[in-house]
Amino acid sequence: MAEAAKDKPTEEVKLDNRDPEKVKAKLLAKYPPKVARKRAKQIVINKVTPDGQVPVIGSNVRTVPGLIGQRGCCYAGCKGVVLGPTRDIINITHGPIGCGFYSWLTRRNQTNPESTPDGHNFMTYCFSTDMQDEEIIFGGEKKLKQAIQEAYDNFKPKAIAVFATCPVGLIGDDIHSVCREMKEKLGINVFGFSCEGYKGVSQSAGHHIANNGIFKHVVGLDDTIGEGKYRINLLGEYNIGGDAFEIERLFERCGITLVSTYSGNSSIDAFANSHTADLNLIMCHRSINYVAEMMETKFGLPWIKVNFIGAEATAKSLRKIAQYFGEKALIDKVEAVIAEEMPAVKAACAEVRPRTEGKRAMLFVGGSRAHHYQELFKEMGMVTLSAGYEFGHRDDYEGRKVLPNIKVDADSRNIEEIEVHPDPERYRPRIDDAQKAKLEAKGLQFNDYDGMMSEMPDGSMIIDDLSQYETDQLIKIFKPDLFCAGIKEKYAVQKHGIPLKQLHSYDYGGPYAGFKGAINFYHEIDRMVSSRIWSYLRAPWQESPELSATYAWE
Ligand code: CFM
């Protein structure tokens with residue numbers, strides 16, 4: 001690595017006057033050679049060519065055992081992320097109680113039960129089959145049937161979903177046949193997800209499995225075309241800290257009808273009807289692009305990428321929707337709403353900017369926020385030194401143009417790719433090729449996402465599946481003004497004297513989406529980067545050096 005660094009022209013190094021290749025070499029220096037070779041592919045110095053090409057980054061590969069990473073499991077991505085926020089499905093975890101207990105309300109996806117007539121909300125409950133040794137040895141299907149029956153008797157839900165955890169896959173319980181049997185018996189929708197924790201390399205596998213399951217078992221069950229002229233779905237928005245509520249407020253103001261959200265503040269009936277909308281908007285590309293692709297193939301509604309994180313990004317996304325429908329009334333309304341909302345945003349931004357300008361942030365989150373939140377930091381005049389996803393794929397980094405070149409490895413092959421064909425009766429292309437070409441010529445991109453890297457400056461460090469060791473090193477080297485990650489990283493980072501903003505749970509704050517969310521975020525970040533509280537703290541061994549020690553091998 002160090003060799004390559006010497007050949008790099010120095011003008012590329014724009015960030016913080018440090019040579020990123022040297023930083024990279026430092027991050028890798030202590031790893032055994034095999035680990036260093038693997039990690040070297042996942043630590044990339046950004047360089048965007050004039051035609052938008054970026055370097056290849058290693059991603060969606062197994063974490064090296066022994067490295068402390070940030071990732072979750074397949075079950076987390078399926079049950080927790082995609083299905084978890086739907087309030088009126090009873091989600092039963094088939095497995096030992098720990099899996100259910102630790103996934104119980106730990107994500108801040110909010111919901112409004114009053115927006116569906118029956119008011120069902122099962123999100124506050126934790127349903128588990130509580131498998132014991134006996135079921136592991138003799139099989140757990142009987143207990144699963146009992147659990148489904150019990151959940152039905154107590155709550156009379158419209159639907160029950162079953163999620164397989166690791167032991168279920170290992171002993172071979174057939175959850176799908178149990179679901180089919182109980183569906184017939186109870187007369188409600190019962191469906192299962194083979195989302196055993198060990199499937200795939202991260203929660204990303206669980207997203208894919210969840211997308212497949214919703215598409216197979218729910219989408220298309222209700223063909224009623226509801227009211228509204230501009231009917232859309234919002235995909236990949238999970239209402240963390242009330243984000244979806246703020247976006248819903250803006251749609252309502254603009255006269256845009258939201259048919260369904262996958263899956264913040266959602267209900268199963270809305271999924272069943274979502275194929276009747278005329279446009280899919282994708283917020284989080286990583287977790288939900290599969291459903292959008294399948295809906296287009298089967299039903300003919302196209303998708304566009306949007307981002308409601310950042311005031312400018314929000315305005316741009318609303319304009320894209322108006323542009324798609326192309327009617328003057330909507331275009332004017334959207335402009336009027338933006339004009340009304342922006343002054344408060346601008347005022348808040350101007351107020352904080354003298355203190356936030358030039359401050360340096362690092363973002364290591366999930367599979368989309370490490371990109372989206374850079375918008376808000378840009379608005380505040382802050383610099384993103386380094387960013388990366390926990391489990392993003394190459395397309396989330398480099399853009400969908402690389403999709404044909406992504407090698408499918410054994411871990412990805414393990415996840416079912418369902419074959420979808422145009423529905424003989426219900427396939428209805430929402431716009432024809434000529435209209436599409438016209439809109440594309442005006443700059444509206446369909447079915448595309450450019451990824452994170454093309455929007456980041458040359459020389460910034462893009463790091464996939466960041467480890468705890470690398471986190472410590474980055475902080476020591478750069479001493480950023482703010483580190484953005486999650487609860488697992490929070491306290492370790494604060495012990496370095498650096499504030500950490502949780503971009504998963506928002507540290508109990510939010511919303512941060514839309515215009516009101518941007519204002520919230522500006523104030524929150526201003527408070528964090530202007531306070532020096534963490535740098536005043538001393539660890540016990542810093543105050544009393546006799547407590548410190550060195551390892552012999554250092
Ligand atoms: Fe999508 Fe998410 Fe994210 Fe994600 Fe997540 Fe999340 Fe996330 Mo935590 S769906 S990829 S699996 S935007 S729970 S709401 S914050 S890691 S960046």
Side-chain angles (χ1 to χ4, degrees), residues 59-60 69-86 102-111 123 195 197 199-211 214 234-247 261-266 281-292 305-310 313 362-376 387-393 395-397 449 451-452 464-466 484-490 500-513 517 521:
S59 56
N60 193 30
Q70 302 177 313
R71 287 173 166 177
C73 69
C74 177
Y75 160 78
C78 184
K79 188 267 182 192
V81 174
V82 180
L83 269 300
T86 307
Y102 287 109
S103 62
W104 176 27
L105 287 190
T106 47
R107 187 156 170 262
R108 292 186 63 235
N109 32 230
Q110 302 181 354
T111 201
M123 278 163 56
C195 55
K199 278 218 177 133
V201 299
S202 68
Q203 54 267 63
S204 165
H207 301 149
H208 196 164
I209 291 166
N211 278 234
I214 299 183
L234 178 60
L235 308 187
E237 162 47 59
Y238 299 93
N239 203 18
I240 307 299
D243 277 354
F245 295 145
E246 164 66 0
I247 302 171
T261 302
Y262 285 66
S263 56
N265 192 26
S266 64
L281 309 177
I282 293 194
M283 218 3 224
C284 166
H285 172 264
R286 182 65 273 130
S287 61
I288 209 86
N289 72 87
Y290 321 92
V291 156
K305 175 76 179 70
V306 293
N307 175 21
F308 290 102
I309 301 297
M362 293 185 173
L363 295 79
F364 294 95
V365 216
S368 81
R369 292 185 172 184
H371 179 199
H372 289 163
Y373 274 80
Q374 293 185 32
E375 294 282 341
L376 279 167
Y389 299 125
E390 280 171 47
F391 51 76
H393 300 196
D395 37 323
D396 304 300
Y397 286 105
Y449 172 42
M452 171 204 282
D464 180 64
D465 190 17
L466 182 82
C484 300
I487 190 68
K488 299 195 290 289
E489 297 78 37
K490 188 174 177 78
L500 184 140
K501 179 66 196 168
Q502 291 191 64
L503 286 189
H504 302 260
S505 74
Y506 296 167
D507 288 305
Y508 324 106
Y512 295 141
F521 197 75

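Position 1 is the first residue of the sequence; numbering continues from there. Order of appearance sets the numbers: ligands from 1, and atoms from 1 within every ligand. Computed from a predicted model, the values in this text were never measured in an experiment.
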Counting each atom of ligand 1 from 1 as listed, which ones have a heavy atom of [X] under 4.0 Å away?
X: His207; result: 11 (S)
X: Ser287; result: 1 (Fe), 9 (S)
X: Cys284; result: 1 (Fe), 9 (S), 10 (S), 12 (S)
X: His504; result: 7 (Fe), 8 (Mo), 15 (S), 16 (S)
X: Gly367; result: 3 (Fe), 10 (S), 17 (S)
X: Tyr238; result: 2 (Fe), 9 (S), 14 (S)

**Request:** Could you establish whether Met283 and ligand 1 come within less than 4.0 Å of each other, counting only heavy atoms on the residue side?
**Result:** no
**Message:** Taking a cutoff of less than 4.0 Å between a non-hydrogen atom of the residue and any ligand atom, is Tyr389 in contact with ligand 1?
**Reply:** no
**Asked** How does Ser368 reach ligand 1, by side chain, by backbone, by both or by neither, if only non-hydrogen atoms under 4.0 Å count?
**Response** both
**Request:** For ligand 1, note which part of Asn109 has a heavy atom under 4.0 Å away: side chain, backbone, both or neither.
**Result:** neither
**Minimum-distance pair of heavy atoms, taken over all atoms of Ser505 and Gln502** = OG-OE1, 3.0 Å
**Prompt:** Nearest heavy-atom pair of Arg108 and Gly509: which atoms, and what distance?
**Reply:** NH1-O, 2.9 Å
**Request:** Measure the acute angle between the ring planes of His207 and Phe391, then classify it against the limits of 30° and 60° as parallel, tilted or perpendicular.
**Result:** perpendicular
**Item:** Whether Tyr512 and Tyr506 hold their rings parallel, tilted or perpendicular, with breakpoints at 30° and 60°
**Value:** tilted
**Request:** Answer whether the closest heavy-atom distance between the side chains of Arg369 and Ile240 falls below 4.5 Å.
**Result:** yes
